[in-house]
Amino acid sequence: MNKAKTVVLAGASGFIGTYLRARFEQAGWSVRTIGRRTAKGSADSARWDDDDAITRVLDGADLLVNLAGRSVNCRYNARNRAAILDSRVATTTALGRALAGCQAPPSTWLNASTGTIYRDADDRPQTESDGDLGSGFSVDVARAWEAALDAADTPGTRKIPLRIAIVLGPGGGALRPFATLARLGLGGQMGHGSQKFSWIHVENLYRTVRFLHKRTDISGPVNVASPDVVDNRELMRFVRRAYGARRGVPTPAWLLSLGAVLIRTDTELVLKSRWVQPQKLIDAGFIFRQPELGRALLSIAKR
């Protein structure tokens, strides 16, 4: 009988981590975790403040997936900016330290990054090879995140930053506020409506993780996004259809700015044009399941 493979999920308490854990367990993998709220002394888990425990959890594992990072769905004030940056860089750095102490480190380390590392783009898609990195706070965070991964000295472990687009799926992800707006009759276009919306279904994210672990020939940043990119106008039309909203009032940029203050978030999440092309995955033959946004939203809404 083949020995069950082991994956370590760092930052596994959120929507994506919970989904990945369930899918890995369904596939027969042994799952270990690293996080802030794990029980001390557990053989299969470690806390971020215990380097020795992190090394123990990582030693002998096949795959490390780091998803740790504070939510960006907040106002970008000084306190939140510091927390967002530290939650990504400090955890990635801690994993690098721990891996250096492993006798049998994981062969692959997939570290979350973000598709928002690219510039605001509505003229052409941004691929791994010719995408233009942008500017501003979110891009600075992404650069620092990937720099921390690059700086980790792990000769026995292949490292890949996952430039993940907005993740959608049943029961969570970034879809909830869009669905709420649609139900309230406010599901029209946001701003000028032509900004691109790059996304990935959480199941395809899980399948990408499995795919990249097997494909040892792939290295460097990988864009994790569906090839079906739509603009905000199309996005909201699909959302209204999925949630049975007949019409939606458009929201101008100035009103979005006011609303963002009230609900304590930032307009960049809906106004930046994200056009992320998963060129490496396409070239490697990865097959996206349910790649069309309209059908994906209908399926998510039913569940």
Side-chain angles (χ1 to χ4, degrees), residues 1-12 14-35 44-46 54-69 88 91-92 94-96 98-100 102-115 128 145-146 148-150 152-165 167 169 200-227 276 278-289 291:
M1 175 179 283
N2 293 329
K3 178 184 176 183
K5 291 187 176 183
T6 299
V7 59
V8 177
L9 297 178
F15 162 66
I16 299 172
T18 300
Y19 188 92
L20 263 59
R21 177 170 190 163
R23 291 293 285 116
F24 271 110
E25 290 176 342
Q26 290 169 8
W29 284 58
S30 175
V31 178
R32 303 174 188 170
T33 61
I34 303 169
D44 295 325
S45 64
I54 296 174
T55 296
R56 172 178 48 76
V57 165
L58 290 171
D59 216 355
D62 299 279
L63 170 63
L64 165 61
V65 183
N66 180 28
L67 304 166
R88 286 156 173 77
T91 51
T92 300
L95 290 172
L99 283 169
C102 289
Q103 296 297 313
S107 61
T108 307
W109 176 3
L110 304 179
N111 205 75
S113 180
T114 172
E128 298 93 341
W145 205 356
E146 294 191 7
L149 177 65
D150 185 62
D153 185 14
T154 59
T157 302
R158 177 173 54 115
K159 302 176 295 185
I160 296 179
L162 302 178
R163 292 178 174 173
I164 305 171
V167 182
I200 185 73
H201 193 287
V202 68
E203 173 65 14
N204 279 324
L205 173 54
Y206 162 74
R207 293 179 59 248
T208 295
V209 167
R210 294 286 304 272
F211 182 83
L212 291 174
H213 177 53
K214 291 180 180 178
R215 289 293 300 265
T216 58
D217 57 315
I218 298 175
S219 61
V222 173
N223 290 345
V224 185
S226 170
V276 182
Q279 199 60 52
K280 281 189 178 179
L281 289 176
I282 292 172
D283 291 345
F286 181 79
I287 304 298
F288 290 85
R289 292 181 183 169

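Throughout, residue positions are numbered sequentially from 1 according to the sequence presented. Only this structure's heavy atoms are used, side chains among them; waters, hydrogens and symmetry mates stay out.
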Heavy-atom closest contact ([X] atom, [Y] atom, distance):
X: S219; Y: K280; answer: O-NZ, 2.6 Å
X: L9; Y: G17; answer: CD1-O, 4.0 Å
X: S113; Y: P161; answer: CB-CB, 4.3 Å
X: L58; Y: C102; answer: CB-SG, 3.7 Å
X: A46; Y: V57; answer: CB-CG2, 3.8 Å
X: P291; Y: S226; answer: O-OG, 2.8 Å

Point-to-point distance, once rounded to the nearest 0.5 Å, from [atom1] of [X] to [atom2] of [Y]:
X: T114; Y: R163; atom1: OG1; atom2: CZ; result: 9.5 Å
X: R215; Y: I160; atom1: CZ; atom2: CD1; result: 10.5 Å
X: R56; Y: D59; atom1: CZ; atom2: CG; result: 10.5 Å
X: L20; Y: E25; atom1: CG; atom2: CD; result: 11.0 Å

Original post:
Around atom CD of Q26, are there more than 12 heavy atoms of other residues, nucleotides or ligands at under 6.0 Å?
Top reply: yes

Less than 4.5 Å apart, any side-chain heavy atom of [X] and any of [Y]?
X: L212; Y: L281; result: yes
X: T157; Y: L64; result: no
X: F211; Y: I218; result: yes
X: P278; Y: F288; result: yes
X: V222; Y: E128; result: yes
X: L95; Y: I34; result: yes
X: W109; Y: T92; result: yes
X: I164; Y: I16; result: no

May I ask you to decide if [Y]'s main-chain N or O and [X]'s side chain share a donor-acceptor pair within less than 3.5 Å?
X: N223; Y: A225; answer: no
X: T33; Y: S45; answer: no
X: R88; Y: W145; answer: no
X: N204; Y: R289; answer: yes
X: T55; Y: A98; answer: yes
X: R21; Y: A12; answer: no
X: R207; Y: I287; answer: yes
X: D62; Y: V7; answer: no
X: K159; Y: D150; answer: yes

**OP:** Verify side-chain contact (heavy atoms from CB on, under 4.5 Å) between E203 and Y19, making sure each step is shown before the conclusion.
**Re:** CA-CA 8 Å; E203 173 65 14; Y19 188 92; 2.5 Å; yes

**OP:** Kindly write out the residues that satisfy ring-ring contact (aromatic ring centres under 6.0 Å, His included) with Y206, not counting sequence neighbours, or none if the list is empty.
**Re:**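 Y206: ring-ring contact (aromatic ring centres under 6.0 Å, His included) contacts with F24.
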
**OP:** Could you pull out all residues at least two apart from T108 that satisfy side chain to side chain donor-acceptor pair (under 3.5 Å)?
**Re:** R158, H213

Original post:
Only one of L67, I200, L110 clears side-chain contact (heavy atoms from CB on, under 4.5 Å) with L162; which?
Top reply: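 When side-chain contact (heavy atoms from CB on, under 4.5 Å) is applied between L162 and each of L67, I200, L110, only L110 qualifies.
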
**OP:** Would you sort out whether V209 and L63 count as a side-chain contact (heavy atoms from CB on, under 4.5 Å), showing the intermediate values?
**Re:** CA-CA 9 Å; V209 167; L63 170 63; 3.9 Å; yes

